[in-house]
There are 2 protein chains.
Amino acid sequence: MATTTNSERRGWTQNPDAVKRDILTVALSEFAANGLSGTRVDTIASRTRTSKRMIYYYFGDKLGLYTRALEAAYLKVREGEASLDLDHLQPKEALARLVAFTFDHHRKNPDFIRMVMIENIHNAEHLAASQVIRDLNVAAIEKLARICQGGQDQGVFREGLDPVAIHWQISAASFFNVSNRPTFSSIFGNELFEEEAQRRIRQQTVDSILAMVAKPEATG
Amino acid sequence: MATTTNSERRGWTQNPDAVKRDILTVALSEFAANGLSGTRVDTIASRTRTSKRMIYYYFGDKLGLYTRALEAAYLKVREGEASLDLDHLQPKEALARLVAFTFDHHRKNPDFIRMVMIENIHNAEHLAASQVIRDLNVAAIEKLARICQGGQDQGVFREGLDPVAIHWQISAASFFNVSNRPTFSSIFGNELFEEEAQRRIRQQTVDSILAMVAKPEATG
DNA sequence: CCCAAAATGTTCTAACCGGTACAATTCGTC
DNA sequence: GACGAATTGTACCGGTTAGAACATTTTGGG
């Protein structure tokens, strides 16, 4: 071994944050792809610039890493949602935009969808432990609640709307569209998931939600 | 039960069909509960009246058993659907019944839902291999297609309806309602999943579908 | 009654996999 | 520049798990 100047060293460079981020990124992708029990810690480690040792050093155990990856998925997706500003729009337009955005956003974040699917398989027991995630989702509902309130104040939405129920409807369509694509297209073909059909479905979803919140007598 | 002449025997009674059924029932419940990689063959065996040996004897390997369990889940659920007779009803009433039935039926078959979720996590690669399942689902669509055709013939449904797209809408609501209950209720509470709220959601789903297929000008 | 094939019991194993022990290096700080 | 704490490298282990080997019993047919 030659005398080391700079580039060739016997040691290494410490960089805790980068290491954590590296691990978390790989972990998210692996867990999303293979599920909790389907994922191998060794596989995560090998895709990392660091080693298995560091996974256990920073995240304790496999479950700890999974939980943090789940949080990371939520954080990333909610971050994207924050970019949507609806406050200057009229209620109907705001709601339409929100629905269309959610539909598209879910499509663009399949890893997030898969993590939620996996959590549901596990009865949401790890999500339940995360206060971070609860806060993020409550924030999402508040945006919807403001729109509903605005629409009711202006008399264009019917009374007694339940923001959570509306969120349920929006999520059902947007989520299912991504989560069940494999089985659905395997059985019925891929047509429904090509661009034009997806636009139609999205529009249909928007229309359904708008019809749901509209005042019974007001058609316009 | 087979006739047992002697209760104390050195040997045993052969019963291939019962053994297969026993294994398959337990396997379905285990796979639905724990996923493909989360399920232990030994656990299945222990819940069975037979042994691990027989699992491999009849089903080859873990994947073979899983695939058969998946088929069994589809068969069971489609069997339940067959009990629904809509041919004597008017199109709108028939469609309303079909939607409400699907909604309830999914709720009553969480194991089936979970198997489909698991399949989707695995990108439907095992389902793709099963011709049985494809046939079953195509049959389900035909029922819906008949209703659509009837409604169009009578002029109460609009033209150009796509039965697969309608099936998508029905499934999205009915499926999501079961599949995402854990995460959803963990975040927003359990209210939406109590009986009365569920009735409301079901009605809302029925109404949405009916509105979707209705002729634009015809309100009645 | 006998025999081959089907069905079942019992025992074992090789690979895998989450996690750890132990050692070495780096870094902040005094 | 030394020292303790934080970080990283390397090698290993013990339990688990899918599956196989080998032995035995049952069953149906001639």
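Please read these numbers as outputs of a predicted model, since none were measured by experiment. For the numbers below, each heavy atom of this structure counts, side chains included, while hydrogens, waters and symmetry mates do not. Lettering follows sequence order; numbering is per chain, from 1.
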Which nucleotide, [options], lies nearest any side-chain atom of [X]?
{"X": "Q14(B)", "options": "dT27(D), dG9(D), dA18(D)", "result": "dT27(D)"}
{"X": "Y56(B)", "options": "dG19(D), dG18(C), dT7(D)", "result": "dG19(D)"}
{"X": "Y57(A)", "options": "dC17(C), dG9(C), dA6(D)", "result": "dA6(D)"}
{"X": "K52(B)", "options": "dG19(D), dG18(C), dT10(C)", "result": "dG19(D)"}
{"X": "P16(A)", "options": "dA6(C), dT7(D), dT10(C)", "result": "dT7(D)"}
{"X": "D61(A)", "options": "dA18(D), dG19(C), dA6(D)", "result": "dG19(C)"}
{"X": "Y58(A)", "options": "dT8(C), dG18(C), dT8(D)", "result": "dT8(D)"}

Q: Mind checking the OG1-NZ spacing from T43(A) to K52(A)? Nearest 0.5 Å is all I need.
A: 10.0 Å
Output the rounded distance in Å from [atom1] ([X]) to [atom2] ([N]).
{"X": "K62(B)", "N": "dC16(C)", "atom1": "NZ", "atom2": "P", "answer": "15 Å"}
{"X": "N34(B)", "N": "dA18(D)", "atom1": "CG", "atom2": "P", "answer": "11 Å"}
{"X": "I44(A)", "N": "dC17(C)", "atom1": "CD1", "atom2": "C1'", "answer": "12 Å"}
{"X": "N15(B)", "N": "dA6(C)", "atom1": "CG", "atom2": "C1'", "answer": "13 Å"}
{"X": "I55(A)", "N": "dG19(C)", "atom1": "CD1", "atom2": "C1'", "answer": "11 Å"}
{"X": "R40(B)", "N": "dG18(C)", "atom1": "CZ", "atom2": "P", "answer": "10 Å"}
{"X": "I23(A)", "N": "dG18(C)", "atom1": "CD1", "atom2": "C1'", "answer": "15 Å"}
{"X": "L63(B)", "N": "dT17(D)", "atom1": "CG", "atom2": "C1'", "answer": "15 Å"}

Q.
Once you apply a heavy-atom cut-off of 4.0 Å, does T39(A) come out as touching a base, just sugar-phosphate, or nothing?
A.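 Result for T39(A) = sugar-phosphate.
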Q: Could you pick out which residue, R53(A) or V41(A), lies toward the 5' side of DNA chain C when each is mapped onto its nearest nucleotide?
A: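 Of the two residues, V41(A) wins.
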**Q.** NZ/NE/NH1/NH2 to OD/OE distance under 4.0 Å, D87(A) and R146(A)
**A.** yes
**Q.** Ion pair check, E194(B) and R181(B), cut-off under 4.0 Å
**A.**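 Answer for the salt bridge query: no.
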Q: Check whether the side chains of N120(A) and T183(B) place a donor and an acceptor atom closer than 3.5 Å, and report yes or no.
A: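 N120(A) vs T183(B): donor-acceptor pair found between side chains.
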Q) Closer than 4.0 Å, any side-chain N/O of S51(B) to the OP1 or OP2 of dG9(C)? A) yes
Q) What's the shortest heavy-atom distance between S186(A) and R134(B), and which atoms? A)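 Scanning both residues, the minimum pair turns out to be O-NH1, 2.7 Å.
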